[in-house]
Number of protein chains: 2
Amino acid sequence: MRRNDDTSMLEKVMLILQTFRTAGGPQRLADIARSTHLPKSTVHRLIQPLLDLNLLQRVDGGFALGLVLFELGELVPVKSQLRQAALPFMQDLFAATHQTVHLGVRDGYDVVYAEKIHGHGGVDLPSRIGGRLPLTCTGIGKALLAFALPEVLDEVLGQPLRRLTPHSITDLDLLKDEVSRVQTAGVAYDREEAAVGGCCVAAPVLVSGVAIAALSVSVPVAQFQPARLGPAVRTAALGLSRKLNRLW
Amino acid sequence: MRRNDDTSMLEKVMLILQTFRTAGGPQRLADIARSTHLPKSTVHRLIQPLLDLNLLQRVDGGFALGLVLFELGELVPVKSQLRQAALPFMQDLFAATHQTVHLGVRDGYDVVYAEKIHGHGGVDLPSRIGGRLPLTCTGIGKALLAFALPEVLDEVLGQPLRRLTPHSITDLDLLKDEVSRVQTAGVAYDREEAAVGGCCVAAPVLVSGVAIAALSVSVPVAQFQPARLGPAVRTAALGLSRKLNRLW
DNA sequence: GTCGTCGTTCCGTCTCACGGAACCTTCCTT
DNA sequence: AAGGAAGGTTCCGTGAGACGGAACGACGAC
């Protein structure tokens, strides 16, 4: 069964760490062994150095990801630069709307949420910083697609369309129409396509004409006012775009 | 030269990743080889699987930390739970003061910044999310110490006191006085002890009577108004403490 | 008591990590 | 154009140490 290719050990370590992506809470040794399909003795052996290096930490009933990962995570460019620049604009947007504000980037066929601001009240969305959703089901995703490089757009549209709610767009032609509408308007809407009861308005952040990120405001469907939110989101995204073009 | 102990490969991988903590920008293969003191061929061999696993990514002039690290970093308990709970209170505090707001936790003898909110204008502090400063030189640190377990306090005070500015407290007795004052007042001040020209007001977040984090507001020394900021920070920290005690 | 589960330790096999050396490619210098 | 320095890549012989099955000790449940 051992094939040939490469670094088996690193792969196992990553399997162990990835375990924590799905399982929320602390994981015990046996849990990890089960979900990775690795022998117990192997997991046990690998865990020790991970603890020493602070990639894992012991918590009450098992193990959790360690502080080193947190520190390294903050040094990933998407965070340290983009986020730094985006936060003030997100603050403004939040102050103006008092609704949940998201910043997202593209990774493969998903949008990865890089930042989120929300107040006490707002809708509680399934999104999480570092979390993923299909590009085609979210406002941010559609904004990213509409202003992506053409080959990226083709590549993504070549994939089977995923569905998160009954409102998710699963017809390719409808989606293409939607994308060209976004390209014209400069704003993307999500009408309960990612979560029932939740809508959002998104606008792309452009550097040299290409979307590298997108901002969005999410609201309960009852308060969905495109006419009011659209300009606010566009203004914030444009401001951020200008700032980044100046920096880079 | 090979000693004995354990996982040499993981250690090397960590050395490579840690390289990015000090060096800000992208690193090239030769840069990494130099700063890790590893042979070029070794670095080259280790980097390939790191790219495959998305722990590293290629950027214009070299390599940078990959998105996987960002995603895992967001799953570290200090983030996913504490931050989630704290953000709304930090929003409030920011809205009330329009000054930079920090959330910090203790790790060893340092405070690690878990979250930061700042507007367009504010002072630009050397702090960074995921960054570290000595406990004894910051408001957050002193708030954490004053409400830490006694053995933790002893342990930290047993270390040599570090100095970041001429105002940093480096006399053990003065520091002990300061800590007991914080214990009484429930608020810690930093008067240019971490950065010249910057002051801050901090209050501990208590769960079961022990500080697990602290909130602070940082202001330029000219606008330092303890009487106004103290209550605001205390209110936010108390609100967060209550919320956490309810959750846990 | 017995059984199931969890964490830990041992150890024989043999894979694959290791890094020196040689090579290729740019890019700069003269 | 020739020479040189530095970055990146490939090759390969050696032996350290990763691997995981198996057996063990420690709880806790029923």
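Throughout, a chain's letter reflects where its sequence line sits, starting with A, and its residues are numbered from 1. These values consider heavy atoms only, across backbone and side chains, with no hydrogens, waters or symmetry-generated copies. Just so it is clear, the model here is predicted, and its values are computed rather than measured.
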*Go through A/L65 and A/Q57 one step at a time and tell me if the side-chain contact (heavy atoms from CB on, under 4.5 Å) criterion holds.*
CA-CA 6 Å; A/L65 297 177; A/Q57 56 182 318; 5.8 Å; no
*Going through the distances and angles, do B/K12 and B/L38 end up as a side-chain contact (heavy atoms from CB on, under 4.5 Å)?*
CA-CA 8 Å; B/K12 295 196 219 317; B/L38 293 173; 3.8 Å; yes
_side-chain contact (heavy atoms from CB on, under 4.5 Å), that's the test. Do B/L10 and A/L53 meet it? Break it down for me._
CA-CA 9 Å; B/L10 252 193; A/L53 294 168; 4.3 Å; yes
_Run the side-chain contact (heavy atoms from CB on, under 4.5 Å) test on B/L87 and B/L103 for me, step by step, so that the C-alpha distance in whole Å, both residues' side-chain angles and the decisive distance to 0.1 Å come before the verdict._
CA-CA 9 Å; B/L87 260 180; B/L103 173 71; over 6 Å; no
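Between the CD1 atom of A/I32 and the C1' atom of C/dT8 there is a distance of 15 Å, rounded to whole Å. Between A/L51 atom CG and C/dT8 atom P the separation is 10 Å, expressed in whole Å. The CG atom of A/L10 sits 16 Å away from the P atom of D/dG17 (whole-angstrom rounding). The CG atom of B/L38 sits 10 Å away from the C1' atom of C/dG19 (whole-angstrom rounding). Following rounding to the nearest Å, B/E11 (CD) and D/dG17 (C1') show an atom-to-atom distance of 13 Å. What separates NZ of B/K12 from P of D/dA16 is a distance of 14 Å, to the nearest Å. One atom, CD of A/Q48, and another, P of C/dT8, lie 8 Å apart when rounded to the nearest Å.
The phosphate of C/dC18 has OP1 or OP2 within less than 4.0 Å of a side-chain N or O from B/S8. Put simply, A/T42 has a side-chain N or O that comes within less than 4.0 Å of OP1 or OP2 on D/dG20.
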*With the sugar-phosphate defined as primed atoms, P, OP1 and OP2, and the base as all remaining atoms, what B/S/- string results for nucleotides 6-12 of chain D, 5' to 3', for protein heavy atoms under 4.0 Å?*
-BBSB--
_Footprint string (nucleotides 25-30 of chain D, 5' to 3'): B base within contact, S backbone only, - free, heavy atoms under 4.0 Å_ = ------
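Scanning all heavy atoms of the two residues, the minimum distance from B/V196 to B/T165 falls at N-CG2, 3.8 Å.
Residue B/P39 has its side chain nearest to C/dG20 when only C/dG20, D/dG20, C/dA17 are considered.
Each end of the helix from C/dG1-D/dC30 to C/dT30-D/dA1 yields a helix axis from five base pairs, and these two axes differ in direction by 40° (to the nearest 10 degrees).
Among the candidates B/N245, B/L244, B/L238, the single residue satisfying the side chain to side chain contact (heavy atoms under 4.5 Å, CB included) test with B/V205 is B/L244.
Among pairs with a residue in residues 150-166 of chain B, those fulfilling salt bridge (Lys or Arg N to Asp or Glu O under 4.0 Å) read B/D110-B/R162, at least two apart in sequence or across chains.
Taking CG from A/D31 and OG1 from A/T19, the interatomic distance works out to 9.5 Å, rounded to the nearest 0.5 Å. B/I140 CD1 to B/L135 CG: the interatomic distance, rounded to the nearest 0.5 Å, is 10.5 Å.
Every residue meeting the salt bridge (Lys or Arg N to Asp or Glu O under 4.0 Å) condition with B/E74, not counting sequence neighbours, appears here in chain and number order: A/K79. In this view, A/R58 satisfies the salt bridge (Lys or Arg N to Asp or Glu O under 4.0 Å) rule with no residue, not counting sequence neighbours.
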